[in-house]
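Below is one structure, written out as structure tokens; the observations come after it.
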There are 4 protein chains.
Amino acid sequence: MPHPLPPPRWQRRAEARPQELLEAALTEFVARGYAATRLDEVARRAGVSKGTLYLYYENKAELFKAVVRRALVGNLDEAEARVAGHAGSSRDLLAWMLTEMTRRVSNSELSGIPKLVISEAGNFPEIARFYFDEVIRRGRDIVQGILRRGMDSGEFRPVDPEYAWRVIIAPVMLGILWKHSFMAVDPHGLDFERHLRSHLDLLFDGLSAPGRKRTEETP
Amino acid sequence: MPHPLPPPRWQRRAEARPQELLEAALTEFVARGYAATRLDEVARRAGVSKGTLYLYYENKAELFKAVVRRALVGNLDEAEARVAGHAGSSRDLLAWMLTEMTRRVSNSELSGIPKLVISEAGNFPEIARFYFDEVIRRGRDIVQGILRRGMDSGEFRPVDPEYAWRVIIAPVMLGILWKHSFMAVDPHGLDFERHLRSHLDLLFDGLSAPGRKRTEETP
Amino acid sequence: MPHPLPPPRWQRRAEARPQELLEAALTEFVARGYAATRLDEVARRAGVSKGTLYLYYENKAELFKAVVRRALVGNLDEAEARVAGHAGSSRDLLAWMLTEMTRRVSNSELSGIPKLVISEAGNFPEIARFYFDEVIRRGRDIVQGILRRGMDSGEFRPVDPEYAWRVIIAPVMLGILWKHSFMAVDPHGLDFERHLRSHLDLLFDGLSAPGRKRTEETP
Amino acid sequence: MPHPLPPPRWQRRAEARPQELLEAALTEFVARGYAATRLDEVARRAGVSKGTLYLYYENKAELFKAVVRRALVGNLDEAEARVAGHAGSSRDLLAWMLTEMTRRVSNSELSGIPKLVISEAGNFPEIARFYFDEVIRRGRDIVQGILRRGMDSGEFRPVDPEYAWRVIIAPVMLGILWKHSFMAVDPHGLDFERHLRSHLDLLFDGLSAPGRKRTEETP
DNA sequence: TATGAATGAGAGTTCATTCAT
DNA sequence: TATGAATGAACTCTCATTCAT
């Protein structure tokens, strides 16, 4: 008469482990920040023992870097491809990009990464540089590309492309910070749809009423 | 024959002390973040012993809160007064406010506070709430007030005041993060003057070329 | 159509394994000491996995004991046989024995064993006792036997056999320690040939100049 | 009605502490070796908490070095002075030195230091070098000085001073190792008085019976 | 028999906090 | 009020040992 085997104390998951560990670590890092994250907790969340972490990552700092790295891989590939494919109007392209970014922010836990990087940039210059090179610089190039195309075609007003891109991106960044820093204390929360609409509206058409635009002030 | 008093081993500094401690703490917190800041270092920077900190602040968390509180006191008073005095055009008022904010960001170490609050919001909900109530909410009210005034007077296009204010503020916030997180790794740095110019330009006049504005597309 | 067998993932090495493991362990223990030796390294050196070690030895301590035991097996057999065969003069016999010991010290990695035993005697009393019984006591008996024979035959002066044997052995022991502890920091190194010559010279003829010997001081 | 105050939880011992810590550490290191010594135990033995150790020594390795350093300070000063004062015969001088060394070995816990240094030389090359320079080299110079003086005066036979000094010192070293490694397992123990007597006897007069000495074998 | 991923107790170290002075 | 030596809990990291494969 067979009776059930006791469940195994643990399982070999050599292939799956790294992903699981990074996911657990991402959650903890995002929730608590680097310093306040205890490896004990990461391990527990991943369902392994503390020692197992060290089979895959040399130490806490390396684990952190791995989390950031993984989160960024391939993040901008689609955007770069789409821009290179230059479909339609520059306005639509830019709108698409900002929409896409907002959508990602609102959906995924990965949006915690930028906040983490910002928070820890001082203590992890290496991470800051990596993020700057892999995300910010590439993002800048994409936006600048769209801007230049739009100005060339006459769709956009002449702006300072060296600086305008940051202004254009800023509301998306603010959405990230809102989500991860103030959502919990803001009784109204943040409706990303509406935030995006406001963003696009102001970005393209500005705040000034048409008849009073400075650009049309010339008599 | 009077002989000189030996110099006192320490001095009563009950009035000046808190300010000095808060300043030292601000510098350290901004440079390293909450967790990585050692009270030893704060004390050394303030020129007192570690124990003395505890005469003025119950613990590290209370010190942190005090730092944040002090940094924000009276920060928006002038802005509120000015808006209440409603001098001149709404556009000028808004421009003045954003200029003022940008100037403060670029000049003062205090701009590290928002970054700190953002970074530690998860671990210090109390701080997050305090900052939200004392800074964000008040800032929002100011901007919304200007927006409503401008829309009423016909200076501004109709926008969604509940959401537009965040979009309007965002580039200032991004300037803060740039300064405290990426300045060190960005070879170009950030010229706050130029950043502000781009910001105001886009904010008021938008990106779209006049003839193509959506708002004027109706025949 | 026969197709070739895949190479076996591992091989039965039941007979050869223990020797290989002990050799690898000896090298590591000698190089690093007991505590600082990691079984990981022993396994790697032996070309097996860590788990395999435990198929042959219950734990680290048992492995250590086995290393020591193996190193000592049959170490003194030849000496005992030769002394029992009492060939030639006692002087030559003693000289032969010290020469033989010095030769082994200078040549073999096995000389690391005494140093190991000395280092770890406190933590492994069992090992200390074993070494004491199997090596020191037997060595003592051999030397004492030669001494007694030489004194009986009039070749040697009367000495205290209970204590003299240690004095006689001491320079060999010092050679071991030199090799394993100070060779690396002594710019001159140690020439074992010359060390032995000095040893034998002083041992047999003493330091005092003949005319002044205390034993001949009688007028 | 006064009732007794509870004893203070701890006392400030800033001046006495380092000595107490080093003593406790010496005892533990000698008893267990470097690796097996737990700082917890050192602290307990010194009557302080673990953290206190770190107020005085940066880490375990530094504590170890400090223990060794302290044990060696001024160890050979008297010997050097005495030899420089060259009172009486070289034989007496050498005998005095070896007697002195043996006495120290037999009396003090400090004799555990050489054993420690020997054991840990591989893992602490810095310590090995330090010991070599401060103790071994100086000891060598002293003995060589005596040897050369004795040979010059005709008291001593010509020997190889470059190598003889080690042979002469060896029994003292062996006494150290005996005490710290085999005393516990040797049922007879070691009578240092008798050991010294044997040492001096053999050293000065050698083992060979007078009529048969090689140096006098010439007809 | 052999593997090596997984474990978990235990070590060194840090640092906010306390308290005798 | 001020000090800074002392504390001890909490953390990261190591590695002998186990066990599913």
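Just so we're on the same page: letters track the sequence lines, and every chain starts at 1. Computed from a prediction, not measured in an experiment: that's the story for all the values here.
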For Tyr56(A), does the six-membered ring have the charged nitrogen or CZ of Arg17(A) within the cation-pi criterion, i.e. under 6.0 angstrom from the centroid and within 45° of the normal? no

On DNA chain E, more 5' by nearest nucleotide between Gly51(B) and Tyr34(D) is Tyr34(D)

Between atom CG in Leu53(C) and atom P in dT1(E), what is the gap in whole Å? 15 Å

Can you check whether Arg32(C)'s main-chain N or O pairs, donor with acceptor, with Asn123(D)'s side chain at less than 3.5 Å? yes

Mate of dT21(F) across any strand shown (Watson-Crick or G-U wobble, both atom pairs under 3.5 Å) is dA2(E)

Does this structure show an ion pair linking Glu28(B) with Arg38(B), if we count only N-O contacts that are shorter than 4.0 Å? no

Tell me, please, whether Tyr34(D) has Lys60(D) positioned over its six-membered ring: NZ or CZ under 6.0 Å from the ring centre and within 45 degrees of its axis? yes

What's the closest nucleotide to the Thr52(A) side chain, out of dT7(E), dG12(E), dT3(F)? dT7(E)

Within less than 4.0 Å of OP1 or OP2 of dT7(E), is there a side-chain N or O belonging to Ser49(A)? yes

Looking only at N and O atoms, is any donor in the side chain of Lys50(D) or the base of dT13(E) less than 3.5 Å from an acceptor on the other one? yes

Name the closest nucleotide to the Asn59(A) side chain, picking from dC13(F), dA5(E), dA6(F). dC13(F)

Nearest-angstrom distance from the residue atom CG of Asp40(B) to P of dA16(E): 7 Å

Rounded to whole angstroms, how far apart are CD on Glu41(D) and C1' on dG10(E)? 13 Å

When the distance from NZ of Lys60(D) to P of dT13(E) is rounded to whole Å, what number comes out? 8 Å

Measure from the side-chain heavy atoms of Val48(C) and tell me the nearest of dT21(E), dT3(E), dT7(F). dT3(E)

